[in-house]
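Here is the structure we will look at.
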Amino acid sequence: MRKFLIIFIYYIVFEGFILKWLPFDFSVVQTIRNIVDFTPLAILILTYNWRIKFDKNSILSLNFLLIPLLLSILCIMTTMLHKGAVSSAFAYCGAIIRYIPLALIITKTKIDSDELKKTLLFHVKIIFSLQITIGIVQIIGGQNIMTFFLPKTDSHSSAQNALLEGDIAGTFSNTIDYAFLILTCYLLILYNTRRSNNAYVLLLSVFTLYIVYETGSLAAIIAFLIIFAIFLCNGHSYRFIYLSIAVMVISIILMYIYNTELYLFIENKKLSRLGMISSTLPNFLLKSNIFDILFGIGTDLGVINKTVLSLPNPPHIFVHYYAPHTLADVYWVAAIVENGIIGFILLLGMLAKIYVLSKLIRQKDWQLYMIMISLLCVILILGFVNQILSVKPFTLFFWILVGILDKVYAKSKIVFS
């Protein structure tokens, strides 16, 4: 099972670059991607028994497994009731639950959690080095190099726009996937570096921030600052904290000077994503009927577009363009509009279960605890500016770590008993 996990990680990380060389059009490539995404589920069904744990804190417990199941049923039913395309509901649910089976496989495997962590860290360092190198080559080489690494995409891919704007995307079809892969790898390396090695930590952090900045993702920069701030707040000397803050502030100022369009970028967000938070969400809760508020309107883009435009003060991007897919960029707003208050509570409940599980292993594995806390904080905060729980490489490593977390918890229970 360890070999499968390693192969699966490398495949997902370099999937776009691997599939671009196949003699198929984009629709076939996308089908292959969807099939591979659910390979862990197929393996789980074929090779493992389905005995449910009675420990309420484990991810193998019924009260945890019911959450994604109920969320999926809710999403499909509300989409059908609003006469939307059911395929959109399956796509939405798939993006959330596709790697949960991977966590279940990991927690069921007989491999020790310490061995799994060592193996994961070893390969994370390799992936980080390879993707960082590709990013640097793209910065130096420009559009020709970016085109070489660009996966096979449709004509509306964000990677095409990033290519024109000079943003780097590594081997991914969009800059967000690349930025959050780099950040997740950075987080794992950061908490597995000796605390006395301050110079290395600072150099690694500034370099990571620069690479993330070159992706053009403001959300990823915010995520980096969250991760770094949490790291600084845990047992470091004031001298190192002050030095780190000074270096980060100077770095961000230099990037701001370099990017004279940053102000316009923020202003544009006020007309789109920020408008969804300040206008779309409160108006949806005030103007919609009680059924839609509780259960949502489903995930069909046509239904979403019609609903948002019917509300007072719709975001400019909805008025001037057909862009209902942009609602997903404000994940928590989209969760309430599409799945209602109940769906939103289910999502938060799933994250809360993982938080409780993290707290239970704090004494046993402080590093893993801090990594999970950092990831959960990123999800909660970035959910207002990014579709964080749909970012493929981020959720891949998140659910792998949840699986390891459950193994550490099970091991600590045995030792304690």
Side-chain angles (χ1 to χ4, degrees), residues 13 16 95 127-128 131-132 134-136 138-139 143 146 149-151 153 156-187 190 204-229 248 251-274 276-277 317 323 325-334 374-375 377-398:
V13 170
I127 290 168
F128 183 76
Q131 287 286 357
I132 285 285
I134 292 170
I136 294 170
Q138 289 179 335
I139 293 169
Q143 288 196 4
M146 290 182 185
F149 286 104
L150 183 69
T153 62
H156 303 292
S157 169
S158 60
Q160 300 286 354
N161 298 327
L163 187 66
L164 295 174
E165 296 170 5
D167 298 330
I168 61 173
T171 58
F172 293 93
S173 58
N174 61 72
T175 58
I176 292 294
D177 280 356
Y178 179 65
F180 278 91
L181 170 73
I182 296 299
L183 283 174
T184 309
C185 292
Y186 162 74
L187 174 62
L190 186 65
L204 173 69
S205 300
V206 171
F207 188 65
T208 301
L209 176 60
Y210 172 68
I211 293 296
V212 168
Y213 167 78
E214 286 293 337
T215 66
S217 171
L218 181 62
I221 293 175
I222 295 171
F224 170 84
L225 294 175
I226 293 168
I227 290 168
F228 194 66
M248 290 302 159
S251 300
I252 292 170
I253 290 172
L254 289 174
M255 291 175 191
Y256 173 77
I257 294 171
Y258 175 71
N259 185 2
T260 56
E261 296 181 353
L262 183 61
Y263 175 77
L264 292 176
F265 178 81
I266 294 172
E267 285 300 308
N268 287 336
K269 294 304 174 191
K270 291 180 181 178
L271 303 178
S272 54
R273 297 182 189 180
L274 295 182
M276 295 176 200
I277 298 171
I317 195 168
H325 60 278
T326 58
L327 184 68
D329 289 336
V330 191
Y331 197 84
W332 297 129
V333 173
S374 299
L375 290 174
C377 286
V378 166
I379 290 171
L380 289 172
I381 297 171
L382 266 290
F384 291 102
V385 293
N386 177 264
Q387 46 183 311
I388 186 68
L389 282 176
S390 298
V391 177
K392 197 168 183 176
F394 179 86
T395 53
L396 170 69
F397 285 103
F398 176 73

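Both backbone and side-chain heavy atoms feed into the values below; hydrogens, waters and symmetry mates do not.
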From CA spacing to verdict: side-chain contact (heavy atoms from CB on, under 4.5 Å), T208, F228 | CA-CA 11 Å; T208 301; F228 194 66; over 6 Å; no
Flag, side chain of W332 to backbone of I277, donor-acceptor distance under 3.5 Å | no
Main-chain N/O of I379 paired to Y331 side chain as donor or acceptor, under 3.5 Å | no
Check step by step if side-chain contact (heavy atoms from CB on, under 4.5 Å) holds for T326 and M276.
-> CA-CA 10 Å; T326 58; M276 295 176 200; 3.4 Å; yes
Distance-minimising heavy-atom pair for [X] and [Y]:
| X | Y | answer |
| --- | --- | --- |
| T395 | I388 | CG2-O, 4.1 Å |
| P151 | S173 | CG-N, 3.6 Å |
| Y178 | Q131 | OH-O, 2.7 Å |
| F149 | G170 | CB-O, 3.5 Å |
| L382 | A219 | CD1-O, 3.1 Å |
| Q138 | M146 | O-CE, 3.8 Å |

Check: [Y] and [X] side chains under 4.5 Å, non-hydrogen atoms:
| X | Y | value |
| --- | --- | --- |
| I226 | I381 | yes |
| S205 | F224 | yes |
| I139 | I211 | yes |
| T215 | I168 | yes |
| V212 | Y186 | no |

Determine the interplanar angle of the F180 and F394 rings, folded into 0 to 90°, and report it as parallel if under 30°, tilted if 30 to 60°, perpendicular if over 60°.
-> perpendicular
Working for side-chain contact (heavy atoms from CB on, under 4.5 Å), residues L181 and I127 | CA-CA 9 Å; L181 170 73; I127 290 168; 4.2 Å; yes
So how far is it from [X] [atom1] to [Y] [atom2], rounded to the nearest 0.5 Å?
| X | Y | atom1 | atom2 | result |
| --- | --- | --- | --- | --- |
| L187 | I227 | CG | CD1 | 5.0 Å |
| L375 | L380 | CG | CG | 11.0 Å |
| I182 | S217 | CD1 | OG | 12.5 Å |

Could you go step by step and tell me if N386 and V391 meet the side-chain contact (heavy atoms from CB on, under 4.5 Å) rule?
-> CA-CA 9 Å; N386 177 264; V391 177; 3.8 Å; yes
